[in-house]
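Worksheet: one structure, shown below.
Count residues from 1 along the sequence.
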Amino acid sequence: MAQLTNKTVLDRYLRLEIPDQKCQVMYVWVDGSGENLRSKTRTLNFIPKAPEELPIWNFDGSSTGQAEGSNSDVYLHPVALYRDPFRLGNNKLVLCETYKYNKKPTDTNHRYRCTEVMTRAASQHPWFGMEQEYTLLDVDKHPLGWPKNGYPGPQGPYYCGVGASKVYGRDVVEAHYRACLYTGINISGTNAEVMPAQWEFQVGPCEGITMGDDLWMARYLLHRVAEDFGVVVSLDPKPIPGDWNGAGMHTNFSTDAMRKPNGILAIETAIEKLGKVHAAHIRAYDPHGGKDNERRLTGLHETSSIHDFSAGVANRGASIRIPRGVAEEKTGYLEDRRPSSNADPYVVSERLVRTICLDES
């Protein structure tokens, strides 16, 4: 049954003034699934300007798949601070790393290791741009706008479409876009995707660890905005079996050398390195070691085969795509089309840097 709440009534209370030098801070973290996000709020008696100013907090890790009930405290270490688009004013959102009772990172705290890798490669200035695809569902988990006892017309008119018969859920998309801009997330665009009720937003370019921070917080905002509309967001890489496109997280990557004149040579070297460790990347590109991507990377629906590595200019059926403009200008970036929509951006960005920048197999 749908929640019987009234957003207009809620707005009356959100307009109430907060005493000076007090604010609400929403602590956000990745739970034990490695896919879902959790959050809780505390009051502070000052207005924070950096995550380092915020206190370490804790939560019941036995309820999030991150600890046993007999030793359940897990610690939240604030790492990235954002403006709060829901409570407005001086209120904040803060992304956190999770640590166990023994001060070691939890199993799904992939930011810890990613930060170390990004620090080692900092002189090469790795830039990322991630294209997050997702599917909007009704609360009954049926794709938004689809007939309840059938299917919409075949794919073709929906990609970047316009009109009530081609586009479902634009209100959610526009609200999310504006919320990301308000928070300070480096969102760069959005569009309707090939399957109806499927959308994409892009974050980047971001350098180093900021890529994972901004994308995880953008995901949190997406779920939170959709909640307000009574809509469910799915990051499943193949939400509908059959002749329908899956969902990915295509990752654009470049180093300083690639962005310089004749950087195409560095791009070609990077592709050669990627081809040698294809299996390792596939294991890193979804939360279940490649099992999720098996349903998506079939060689059909604008994907490569999960079993083969390939690269090509403007080829959306390749593992690695070199954009046409990059090939012509001989400088720019490459696009890794293998990561799934539910992949951890810290794991994906770390794996790319290890292979391309640090020569680790």
Side-chain angles (χ1 to χ4, degrees), residues 35 128-137 143 146 151-161 191-202 234-253 264 267-327 332-345 347-349 351-352 355-356 361:
E35 300 180 63
F128 304 88
M130 291 186 172
E131 306 170 17
Q132 177 67 69
E133 294 180 334
Y134 61 94
T135 307
L136 296 178
L137 311 175
W146 285 36
Y151 295 90
Q155 296 181 155
Y158 310 109
Y159 173 71
C160 296
N191 60 269
E193 267 301 334
V194 176
M195 187 181 84
Q198 186 185 73
W199 292 83
E200 171 185 300
F201 66 89
Q202 303 92 32
S234 171
L235 297 185
D236 189 283
K238 188 69 175 179
I240 307 297
D243 195 17
W244 303 99
N245 274 35
M249 190 180 73
H250 303 152
T251 300
N252 302 284
F253 177 79
I264 191 69
I267 293 172
E268 290 170 349
T269 299
I271 292 173
E272 185 177 347
K273 292 177 181 179
L274 290 169
K276 294 177 180 178
V277 289
H278 175 64
H281 279 256
I282 289 296
R283 287 193 296 272
Y285 283 0
D286 74 50
H288 300 103
K291 293 298 183 183
D292 289 341
N293 251 338
E294 282 182 358
R295 294 181 286 124
R296 168 180 163 259
L297 296 179
T298 62
L300 302 173
H301 305 110
E302 301 182 39
T303 70
S304 59
S305 168
I306 194 171
H307 304 293
D308 304 313
F309 180 83
S310 57
V313 174
N315 184 358
R316 284 180 162 76
S319 308
I320 306 295
R321 182 179 73 96
I322 300 176
R324 176 79 59 194
V326 171
Y333 63 95
L334 60 83
E335 179 193 40
D336 192 336
R337 297 180 60 81
R338 296 171 293 174
S340 69
S341 50
N342 61 345
D344 188 319
V347 176
V348 172
S349 57
R351 183 67 258 183
L352 283 166
T355 297
I356 295 172
S361 59

**OP:** Report the relative orientation of the aromatic rings in Trp244 and Tyr151; use parallel for angles under 30°, tilted for 30 to 60°, perpendicular for over 60°.
**Re:** parallel

Subject >> Donor-acceptor contact present, side-chain Arg337 to main-chain Arg316, <3.5 Å >> reply: yes

Subject >> Heavy-atom check, side chain of Asp286 versus side chain of Glu294, under 4.5 Å >> reply: no

Subject >> Close side-chain approach of Glu131 to Glu335, heavy-atom, < 4.5 Å >> reply: yes

Original post:
Does one side chain, of Ser310 or Asp308, offer a donor that lies under 3.5 Å from an acceptor on the other?
Top reply: no

Original post:
What distance do Ser349 atom OG and Asp344 atom CG have between them, rounded to the nearest 0.5 Å?
Top reply: 8.0 Å

Original post:
So, the side chain of Ser234 versus the backbone of Thr135: is there a donor-acceptor pair under 3.5 Å, distance only?
Top reply: no

**OP:** Answer yes or no: is there a side-chain heavy-atom contact under 4.5 Å between Asp243 and Pro154?
**Re:** no

Original post:
Are any of the side-chain heavy atoms of Pro152 and Tyr158 separated by less than 4.5 Å?
Top reply: yes

Original post:
So which heavy atom on Val347 is nearest to which on Ala284, and how close?
Top reply: CG1-O, 3.4 Å

Original post:
Quick one: which of Gln155, His301, Glu133 gives a side-chain hydrogen bond (donor to acceptor under 3.5 Å, both in side chains) with Asn245?
Top reply: Gln155

Original post:
Counting distance only, does the side-chain N/O of Ser341 pair as donor-acceptor with the main-chain N or O of Leu235 below 3.5 Å?
Top reply: yes

Original post:
For the atom pair OG (Ser304) and CZ (Arg296), what is the distance rounded to the nearest 0.5 Å?
Top reply: 7.5 Å

**OP:** Just jot down the ring-ring contact (aromatic ring centres under 6.0 Å, His included) partners of His281, sequence neighbours excluded, or say none.
**Re:** Tyr285

Original post:
Shortest non-hydrogen contact from Ser319 to Arg338?
Top reply: CB-CD, 3.8 Å

Original post:
How long is the span from the CG atom in Asn293 to the CZ atom in Arg283, to the nearest 0.5 Å?
Top reply: 13.5 Å

Original post:
Trp146 and Pro196: which non-hydrogen atoms are nearest, and at how many Å?
Top reply: NE1-O, 3.0 Å

Original post:
Yes or no on side chain to side chain contact (heavy atoms under 4.5 Å, CB included) for Val348 and Met130, after CA distance, side-chain angles and deciding distance?
Top reply: CA-CA 10 Å; Val348 172; Met130 291 186 172; 4.1 Å; yes

Original post:
Can you tell me how far the OG1 atom of Thr251 sits from the CG atom of Leu352, to the nearest 0.5 Å?
Top reply: 6.5 Å

Original post:
Does the side chain of Phe253 come within less than 4.5 Å of Asp336's, by heavy atoms?
Top reply: no

**OP:** For Ile306 and Gly290, work out which heavy atoms get closest and say how close.
**Re:** CD1-O, 3.8 Å

**OP:** Can you measure from OH (Tyr159) to CD (Glu193) and round to the nearest 0.5 angstrom?
**Re:** 6.0 Å

**OP:** Please name the pair of heavy atoms, one in Ile322 and one in Val326, separated by the smallest distance, quoted to 0.1 Å.
**Re:** CG2-CG1, 3.9 Å

Original post:
If you round to the nearest 0.5 Å, how far is CD of Glu268 from CG of Leu334?
Top reply: 11.0 Å

Original post:
What is the minimum heavy-atom distance between Met249 and Gln132, and which atoms define it?
Top reply: SD-OE1, 3.8 Å

